[in-house]
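Some notes on the structure that comes next.
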Amino acid sequence: MALLDDIVTFLVAQTSTRDTPLVAGVNLFLARIPAEAPDAVVVVQQYEGKPSEFTMGSGITALDYPRVQISVRGLREDYPGAYAWANLIRGILMGVILPDPTYFPRVVRIESLGIPNPIGYDDVERPKFTMNFQFHINANTDGLPMP
């Protein structure tokens, strides 16, 4: 789960000066939303990616392609606010200059697989969005931290 941890750490750092910052364990979670979570939350989870690809080049001899889904649940009946939050998170991830030795030392590309996707409302009228990303990760094991 190192990649997910890196994403959470990065999102916390990038939103720390916002009016509503993301805080791990408060409104930003790994894999699922706990029952005691506030209305507006973000969840980062991994799902099936593409198989590894082996290259002939120097420096990167294999690439892994994990996929990550980020879900946003907004305040009750606040579709515009939830969409803005999802779009902000997408923009933050798409704006990373890679490789980033602080947050993503092994990532060579973050590919958005679409725009924020509205998936409706939950049972108490909180709007929900998902965004999918494919990460291109240097799979070499030459002393770099493993993803």
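Under the 4.5 Å side-chain heavy-atom criterion for ILVMFWY residues, no single connected hydrophobic cluster contains both Val41 and Leu93. Val12 and Met131 fall within a single hydrophobic cluster, where Ile, Leu, Val, Met, Phe, Trp and Tyr side chains are chained together by heavy-atom contacts under 4.5 Å. Note: the hydrophobic cluster containing Val23 does not contain Val42 (ILVMFWY, side chain heavy atoms under 4.5 Å, direct or indirect links). In the hydrophobic clustering of ILVMFWY residues, with side-chain heavy atoms under 4.5 Å counting as a link, Ile119 and Val68 come out apart. Hydrophobic clustering keeps Phe133 apart from Leu113 (ILVMFWY residues linked when any side-chain heavy atoms are closer than 4.5 Å, directly or through intermediates).
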>> side-chain contact (heavy atoms from CB on, under 4.5 Å) for Phe135 and Leu3? Distances and angles first, verdict last.
In response: CA-CA 9 Å; Phe135 284 71; Leu3 175 61; 3.8 Å; yes
>> Is there a side-chain contact (heavy atoms from CB on, under 4.5 Å) between Arg67 and Lys50? Walk through the geometry before answering.
In response: CA-CA 8 Å; Arg67 290 184 179 160; Lys50 289 178 19 180; 3.4 Å; yes
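Between Pro118 and Tyr83, the closest side-chain pair of non-hydrogen atoms is not below 4.5 Å. Put simply, the side chain of Leu22 reaches to within 4.5 Å of the side chain of Asn27, judged on heavy atoms. Side-chain contact between Val96 and Tyr103 is absent, with no heavy atoms from C-beta onward closer than 4.5 Å. At a threshold of 4.5 Å between non-hydrogen side-chain atoms, the residues Asn87 and Phe129 do not count as touching.
Interatomic distance, CD of Glu111 versus CD of Gln134, reported as 5.0 Å (0.5 Å rounding). Here the straight-line distance linking atom CZ of Phe104 with atom CD1 of Ile97 works out to 13.0 Å at 0.5 Å rounding. The line from CG of Asp122 to NZ of Lys128 is 5.5 Å long, rounded to the nearest 0.5 Å. Distance check, rounded to the nearest 0.5 Å: CD1 of Ile33 to CZ of Arg126 gives 7.5 Å. One distance of note links CD of Gln46 with CG of Leu30; it measures 10.5 Å at 0.5 Å rounding.
Counting only residues at least two apart or in different chains, ring pair (Phe, Tyr, Trp, His ring centres under 6.0 Å) contacts with residues 31-53 are absent.
Arg106 places a side-chain N or O within 3.5 Å of a backbone atom of Asn138 that can act as its donor or acceptor partner. In this structure a side-chain-to-backbone donor-acceptor pair under 3.5 Å is present from Arg90 to Gly114. Between the side chain of Ser16 and the backbone N or O of Ala13, at least one donor-acceptor pair lies under 3.5 Å. Although no hydrogens or angles enter the test, the distance criterion places no donor-acceptor pair under 3.5 Å between the side chain of Arg73 and the main chain of Ala82.
Across Ile7, Ile70, Ile89, Val44, a single residue satisfies side-chain contact (heavy atoms from CB on, under 4.5 Å) together with Leu28, and that is Val44.
For the pair Gln69 and Asn132, the tightest heavy-atom approach, listed with the atom from each and the gap, is NE2-OD1, 3.0 Å. Of all heavy-atom pairs spanning Ala40 and Leu75, the tightest one is CB-CD2, 3.9 Å. In plain terms, the two heavy atoms of Gln45 and Ala31 that are nearest each other are OE1-O, 3.1 Å. When all heavy atoms of Ala139 and Asp64 are compared, the closest pair comes out as CB-OD2, 3.4 Å. Between Gly81 and Asp78, the closest heavy-atom pair is N-OD1, 3.0 Å. Between Gln14 and Arg18 the shortest heavy-atom distance is O-NE, 4.3 Å.
Aromatic ring orientation, Tyr121 versus Tyr79: tilted (interplanar angle from 30° to 60°). In this pair, His136 and Tyr65 present their aromatic rings perpendicular. The plane angle is above 60°, beyond the 30 to 60° band.
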